[in-house]
2 protein chains.
Amino acid sequence: MIELDGFDRKLLASVQADASATNQEVGDRIGLSASQVSRRRQRLEAAGVIRRYRADIDPAAVGLDVIAFVGVSLATHSPQNASRFQKLIKALPEVQEAHMLTGDMDYLLKVAVPDLKALSSLISDDLLPHEAVQNVKSFIAMETLRDDNQLPFESP
Amino acid sequence: MIELDGFDRKLLASVQADASATNQEVGDRIGLSASQVSRRRQRLEAAGVIRRYRADIDPAAVGLDVIAFVGVSLATHSPQNASRFQKLIKALPEVQEAHMLTGDMDYLLKVAVPDLKALSSLISDDLLPHEAVQNVKSFIAMETLRDDNQLPFESP
DNA sequence: AGTGAAAAACAATGGCG
DNA sequence: CGCCATTGTTTTTCACT
């Protein structure tokens with residue numbers, strides 16, 4: 001695990017909110033020169049703290065009007081079952097997030113699809129037929145209040 | 001709603017996966033010249049299809065070892081209640097996503113915190129004391145299989 | 001660890017086919 | 001829409017604290 005000082009944390013907070021800012025702008029914001037921002041940024045990229053840069057796209061603008069969460073329970077909890085299921089969800093393009101959970105649901109998926117028909121077909125044609133899957137429960141997002149996925153940075 | 005052709009879709013798929021690629025590199029990938037990539041990109045940004053650019057940071061690298069989902073039920077469903085609650089979750093830095101749902105849970109929050117103590121304190125000190133909140137149910141992510149938040153782009 | 005200035009790479013426009 | 005040339009920015013490296 002890499003050591004992060006106050007500048008690193010401010011830098012990370014800045015670029016996770018807006019990666020289109022130039023090193024000069026970031027530097028002005030956090031009190032550092034552009035060259036230092038560049039050097040620190042490279043270090044954080046190499047260390048894997050910054051995993052990648054992405055464009056955040058409005059789902060509705062590309063025809064993806066349904067965001068839903070799908071809770072999945074597996075039939076049995078054998079390692080083979082789990083790995084087969086994990087392979088499946090890594091291959092499904094509609095899946096935006098997939099987490100293995102504590103509690104009564106085994107997995108929680110966040111999916112983006114054009115309409116309810118597509119959600120229904122994802123569940124009926126892709127998830128339920130899979131041997132490892134016992135049952136699924138879906139929750140449709142009527143409204144997304146936040147989806148910025150911003151991590152909080154402690155003050156120290 | 002803006003019209004998107006095949007090039008736009010390919011461009012979006014490319015920059016959502018990797019926004020650090022130069023226009024030249026994106027152009028090579030999707031079969032377009034750098035200048036055209038630049039023009040189309042500006043159009044997509046202006047239209048709000050590309051909402052922003054962000055750095056994707058590894059939560060564990062900055063000490064956020066617990067990712068959890070918190071389902072929240074509101075006490076009553078008055079508009080005042082809902083708006084007070086929405087204000088609260090927009091102000092909480094630990095919240096990465098917040099969705100209003102169909103089904104038995106009213107809201108689903110995705111949160112990132114340093115440890116279980118912080119999760120417990122978020123629930124006990126911030127969520128439960130709020131007048132609008134009836135009860136919460138939390139699910140801890142033991143393992144995150146995917147969190148790329150990549151939207152699928154249809155082939156046409 | 002930091003700055004500032006020079007060199008190299010890139011983005012953004014405009015004109016033309 | 002490709003190609004090319006131009007201009008202004010931006011990143012990166014280097015010399016120097």
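Just so it is clear, the values below take in all heavy atoms, side chains as well, and ignore hydrogens, waters and symmetry mates. The chains referred to below are lettered A, B, ... by the order of the sequence lines, with proteins before strands, and numbering in each begins at 1.
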Closest non-hydrogen contact found for B/Pro152 with A/Pro93 is CB-O, 3.5 Å
Can you run down the salt bridge (Lys or Arg N to Asp or Glu O under 4.0 Å) pairs that involve [range], sequence neighbours left out, and say none if there aren't any?
| range | result |
| --- | --- |
| residues 66-94 of chain A | A/Arg84-A/Glu131 |
| residues 30-40 of chain A | A/Asp5-A/Arg40, A/Asp8-A/Arg40 |
| residues 17-32 of chain B | none |
| residues 70-81 of chain B | none |

Expressed as a whole number of angstroms, how long is the span from B/Arg43:CZ to C/dT13:C1'? 18 Å
Quick one: A/Glu3 CD to C/dA1 C1', roughly how many Å, whole number? 16 Å
Which donor-acceptor pairs under 3.5 Å do side chains of residues 113-123 of chain A form with protein atoms, sequence neighbours excluded?
residue: A/Asp115; atom: OD1; partner: A/Lys117; partner atom: N; Å: 3.3
residue: A/Asp115; atom: OD1; partner: A/Ala118; partner atom: N; Å: 2.9

Summary of ring-ring contact (aromatic ring centres under 6.0 Å, His included) pairs that have at least one residue in residues 22-55 of chain A, sequence neighbours excluded: none
Secondary-structure string, 5' to 3', Watson-Crick or G-U under 3.5 Å, | for another-strand partners, for DNA chain D: |||||||||||||||||
For A/His99, check ring-ring contact (aromatic ring centres under 6.0 Å, His included) against everything at least two apart and list the hits. B/Phe69
Nucleotide by nucleotide, nucleotides 1-17 of chain D touches protein heavy atoms under 4.0 Å in the pattern (B base, S sugar-phosphate only, - none) SBBB-----SSBB----
